[in-house]
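Just so we're clear, the structure is a prediction, and the values are computed from it rather than from any experiment.
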Amino acid sequence: NIMIQVYVQNGLVDDARSLFDKMPYHDVFAWTAMISAYARHGLCKECLQCFEQMQLEGVMPNVITFASILNACASTKALEEGKLIHAH
């Protein structure tokens with residue numbers, strides 16, 4: 001998770017995703033790191049897709065996950081998606 005954050009801080013979101021995809025297990029912290037990465041770089045579509053995949057894999061989001069996804073939705077005016085996520 002720290003390496004994902006290092007890549008993201010250096011603007012290397014694709015490299016962060018590549019590392020994420022190679023990880024054998026994705027816990028809530030790994031998912032949140034990727035969701036936050038996409039949100040930080042204004043990639044709302046990817047952020048939402050990542051959030052959906054997280055849920056499909058049965059990983060429960062935490063407060064930081066929700067804050068990141070809602071921030072991404074707000075910054076891109078993805079109002080309907082934000083409402084659906086807020087309903088959780």
Side-chain angles (χ1 to χ4, degrees):
N1 300 338
I2 291 180
M3 284 304 300
I4 290 173
Q5 293 173 351
V6 169
Y7 281 132
V8 171
Q9 289 173 352
N10 289 294
L12 303 170
V13 179
D14 290 337
D15 291 337
R17 182 58 195 228
S18 179
L19 176 63
F20 176 84
D21 289 340
K22 292 176 185 172
M23 294 171 63
Y25 173 74
H26 302 120
D27 61 12
V28 67
F29 303 108
W31 282 108
T32 300
M34 277 313 309
I35 290 168
S36 297
Y38 288 136
R40 181 177 183 179
H41 289 278
L43 302 168
C44 184
K45 179 181 172 185
E46 291 84 351
C47 188
L48 291 169
Q49 289 172 343
C50 196
F51 181 71
E52 289 173 14
Q53 188 63 40
M54 175 186 181
Q55 292 181 307
L56 288 173
E57 292 191 15
V59 178
M60 297 297 297
N62 62 21
V63 173
I64 296 171
T65 311
F66 282 117
S68 295
I69 193 82
L70 290 172
N71 186 41
C73 290
S75 68
T76 60
K77 299 181 177 72
L79 182 60
E80 291 306 312
E81 290 86 348
K83 285 180 181 177
L84 290 173
I85 293 164
H86 188 266
H88 279 285

Side chain to side chain contact (heavy atoms under 4.5 Å, CB included) between H41 and V8, intermediate numbers included: CA-CA 9 Å; H41 289 278; V8 171; 3.7 Å; yes
T65 and N62: CA distance, side-chain angles, deciding distance, side chain to side chain donor-acceptor pair (under 3.5 Å) verdict: CA-CA 5 Å; T65 311; N62 62 21; 2.8 Å; yes
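Within 6.0 Å of the CG atom in D14, the count of heavy atoms belonging to other residues, nucleotides or ligands does not exceed 12. Heavy atoms from other residues, nucleotides or ligands lying under 6.0 Å from CG of L56 number more than 12.
Taking CE of M60 as the start and CE of M54 as the end, the distance is 8.0 Å to the nearest 0.5 Å. Between atom CD1 of residue I35 and atom CZ of residue F66 there is a gap of 9.5 Å, rounded to the nearest 0.5 Å. Between I4 atom CD1 and S36 atom OG the span is 10.5 Å, to the nearest 0.5 Å. Between atom CG of residue D27 and atom CD of residue E57 there is a gap of 11.5 Å, rounded to the nearest 0.5 Å. Distance CG/L48 to CG/L43: 11.0 Å, rounded to 0.5 Å.
Within the structure, side chain to side chain donor-acceptor pair (under 3.5 Å) pairs that include any residue of residues 2-13 do not occur (at least two apart or interchain).
Between M34 and V13, the closest heavy-atom pair is CE-O, 4.5 Å. Residues M23 and A30 approach most closely at CE-CB, 3.8 Å, considering heavy atoms.
Using bins of under 30°, 30° to 60° and over 60° for the plane-to-plane angle, the ring pair F20/W31 lands in the perpendicular bin.
In the hydrophobic clustering of this structure, V59 does not group with I64; members are Ile, Leu, Val, Met, Phe, Trp, Tyr whose side-chain heavy atoms approach within less than 4.5 Å, directly or through other members.
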